[in-house]
Student: 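One structure, as structure tokens, below. Some questions next.
Letters go in sequence order (proteins before strands), and every chain restarts at 1.
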Amino acid sequence: MSAFAEKIITWQRTHGRHDLPWQQSKDPYAVWVSEIMLQQTQVSAVIGYYGRFMERFPTIASLAAASQDEVMQYWSGLGYYSRARNLHHAAQTIMREFSGQFPQDFQSIQSLKGIGRSTAAAISVFSFNQRQTILDGNVKRVLARVFGIEGWPGLPLIEKQCWSLAESLLPQLNLPAYIQGLMDFGATLCTRSKPRCLSCPLQNDCQAYQQQRVSKLPSPKPRKAMPEKRITMMMIMDAGEILLEKRPNHGIWGGLWSLPEVQQEEIPCQAAYEKYRLATEPLETLPVLWHTFTHFKLEITPQPLQLTGVRQPEIATTCWLSIDDAITAAIPAPVRTLLKNLKSTPPLI
DNA sequence: AACCCGTGGAT
DNA sequence: TATCCAAGGGT
């Protein structure tokens, strides 16, 4: 076994995390759900979602049988909603093509929607004790430091080197302890900022530490200027209910319910009539909301509107909900903020 | 290959 | 406040 793997495993026994909710079971479904939720998402953000999701969808069959709306409702606020759509889709694939049994073959696991090489490796190690390596942000950071790898690890060439290196470091035994240790090591000791090098068992092996380049590695992702967009969201109200519109599965907030959008130049009342044939009049405005994504900043101007004419029949992509029901529906995080603002300070005419 | 896809915590 | 980025994957 490489000295690297040996030290990671030893460190894991005394300093790793052993009591996370998804570590109580080797059930591939439980591991799968946790790994999807944890993609680009920190443990603290996942814990609550994981418990609620597993209570409502305890098996692959129960998830496959659920509606997309309900699955999205349990993901609402967690972000990267394609994960939920793919998870739902993959559960149906498993029912149809794998007789409801989670596949054990590595290529079959990776063929499922939303499961790439790293996630497939995590599942195959934790559930089936196979010999595969993960390569997430934690591992890239640890490798970049210990082995002094220059360049942003997201670059295809660097990433390919990292995969090869990670594979070469795999021990023959104790794969679950090693993989879990690798993640815990990156998440709690070899952190992005303020790594605890003085407590690190790899101190003498670490090129970054030896060369005092810990704060320089890994090389940061090259950034581009963040564009800004401005939209108005219509809050059309009638008899204590508000109009929501379902967003298409592709694009931002895909598959979620949201407030109807208006381009900044349009006049909300006119837009409400042109889009839905609803006669409305504007109410007092609510505070503007800024929301920052990975790739752009969004300025949301909420425009409350009171329905003055008749309510048109609902179509498949619209629905009227009470404010409380809307808040618990499958909506994006900033829309939930807007609805809570609306509830706490109802606008006047 | 480059871009898209959310949200919240840390600094 | 602005920036980075976290148990990545799809297109």
Student: Determine the Euclidean distance between corresponding P atoms of B:dG8 and C:dG9; express it in Å to zero decimal places.
Tutor: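 Taking atom P in both C:dG9 and B:dG8, they lie 22 Å apart.
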Student: With heavy atoms under 4.0 Å as the rule, sort A:Thr292 into base, sugar-phosphate or nothing.
Tutor: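 If one applies the 4.0 Å heavy-atom cut-off, A:Thr292 turns out to touch a base.
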Student: For B:dT7 and A:Tyr49 - does any side-chain N or O of the residue sit under 4.0 Å from the phosphate oxygens OP1/OP2?
Tutor: no
Student: So what does A:Ile36 touch, heavy atoms closer than 4.0 Å: a base, only the sugar-phosphate, or nothing?
Tutor: nothing
Student: Between A:Arg117 and A:Glu167 (salt bridge meaning N to carboxylate O under 4.0 Å), is one present in this structure?
Tutor: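 Yes, this pair counts.
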Student: For a quick check under 3.5 Å, do A:Asn138 and A:Arg141 share a side-chain donor-acceptor pair by atom type?
Tutor: yes
Student: Calculate the interatomic distance between A:Trp152 atom CH2 and B:dA1 atom P; express it in whole Å.
Tutor: 12 Å
Student: Tell me yes or no: between the side chains of A:Asp184 and A:Gln180, is some donor less than 3.5 Å from an acceptor?
Tutor: yes
Student: Give a yes/no verdict on a cation-pi contact between A:Arg311 and A:Trp320, requiring under 6.0 Å between NZ or CZ and the six-membered ring centre and an angle within 45° of the axis.
Tutor: yes
Student: Between P on B:dA1 and CG on A:Leu155, what's the gap in Å once rounded to a whole number?
Tutor: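 Between P of B:dA1 and CG of A:Leu155: 10 Å.
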Student: Decide whether A:Asp27 and A:Trp32 meet the rule of one side-chain donor and one side-chain acceptor closer than 3.5 Å.
Tutor: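 No, because no side-chain N or O of A:Asp27 sits under 3.5 Å from a partner of the opposite role on A:Trp32.
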Student: Within residues 213-232 of chain A, which residues have any heavy atom lying less than 4.0 Å from an atom of DNA chain B?
Tutor: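 Residues of residues 213-232 of chain A that come under 4.0 Å of DNA chain B are, in numerical order, A:Lys224.
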Student: How close or far is atom P of B:dA2 from atom CD of A:Glu159, stated in whole angstroms?
Tutor: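 Result: 13 Å.
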Student: Select base, sugar-phosphate, or nothing to describe what A:Gly251 touches, counting heavy atoms under 4.0 Å on all strands.
Tutor: sugar-phosphate
Student: Reckon A:Thr41 touches a base, only the sugar-phosphate, or nothing at all at heavy-atom distances under 4.0 Å?
Tutor: base
Student: Would you say A:His295 reaches B:dC3's phosphate, i.e. side-chain N/O to OP1/OP2 under 4.0 Å?
Tutor: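 Answer no for this pair, as no side-chain N or O of A:His295 is under 4.0 Å from OP1 or OP2.
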Student: Quick one about A:Ser76 and A:Arg336 (side-chain donor to acceptor, distance below 3.5 Å, no hydrogens or angles considered), yes or no?
Tutor: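 The criterion, which ignores hydrogens and geometry beyond distance, is satisfied for A:Ser76 and A:Arg336.
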Student: Starting at CE of A:Met37 and ending at C1' of B:dG6, how long is that distance when rounded to a whole Å?
Tutor: 14 Å
Student: Could you tell me from which nucleotide to which nucleotide of DNA chain C, 5' to 3', there is an atom under 4.0 Å from chain A heavy atoms?
Tutor: C:dC4 to C:dT11
Student: Tell me what A:Thr294 touches on the nucleic acid: a base, only sugar-phosphate, or nothing, going by heavy atoms under 4.0 Å.
Tutor: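 The residue A:Thr294 makes base contact.
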Student: Between C:dC4 and B:dC3, how many Å separate the two P atoms, rounded to a whole number?
Tutor: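 One P to the other, the span is 16 Å.
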Student: Does A:Trp253 put a side-chain nitrogen or oxygen below 4.0 Å from OP1 or OP2 of B:dT7?
Tutor: yes
Student: Classify the side-chain pair A:Thr188/A:Arg196 by whether it contains a donor and acceptor separated by less than 3.5 Å.
Tutor: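 The criterion, which ignores hydrogens and geometry beyond distance, is not satisfied for A:Arg196 and A:Thr188.
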Student: Ring-plane angle category for A:Trp11 and A:His15, please: parallel below 30°, perpendicular beyond 60°, tilted otherwise.
Tutor: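 The rings of A:Trp11 and A:His15 lie parallel, inter-plane angle below 30°.
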Student: For A:Ala45, report the nucleic acid contact type (base, sugar-phosphate, nothing); a contact means any heavy atom under 4.0 Å.
Tutor: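 Result for A:Ala45 = nothing.
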Student: Scan residues 47-60 of chain A for pairs that pass side chain to side chain donor-acceptor pair (under 3.5 Å), counting only residues two or more places apart or in two chains.
Tutor: A:Arg56-A:Glu70, A:Thr59-A:Ser62
Student: Rounded to the nearest Å, what distance is computed from the NE2 atom of residue A:His250 to the C1' atom of nucleotide B:dC4?
Tutor: 13 Å
Student: Nearest-nucleotide wise, let me know which of A:Asn86 and A:Leu20 is further upstream toward the 5' end of DNA chain C.
Tutor: A:Leu20
Student: Would you mind classifying the nucleic acid contact of A:Arg336 as base, sugar-phosphate or nothing, using non-hydrogen atoms under 4.0 angstrom?
Tutor: nothing
Student: How would you label the contact of A:Trp22 with the nucleic acid (heavy atoms, under 4.0 Å): base, sugar-phosphate, or nothing?
Tutor: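 Counting heavy atoms under 4.0 Å across all strands, the contact made by A:Trp22 includes a base.
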Student: Taking the P atom in each of C:dA7 and B:dC5, what is the distance between them to the nearest angstrom?
Tutor: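 Comparing P positions in C:dA7 and B:dC5 gives a spacing of 23 Å.
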Student: Evaluate the ring planes of A:Phe4 and A:Phe147, with Trp represented by its six-membered ring, and classify them as parallel (under 30°), tilted (30 to 60°) or perpendicular (over 60°).
Tutor: tilted
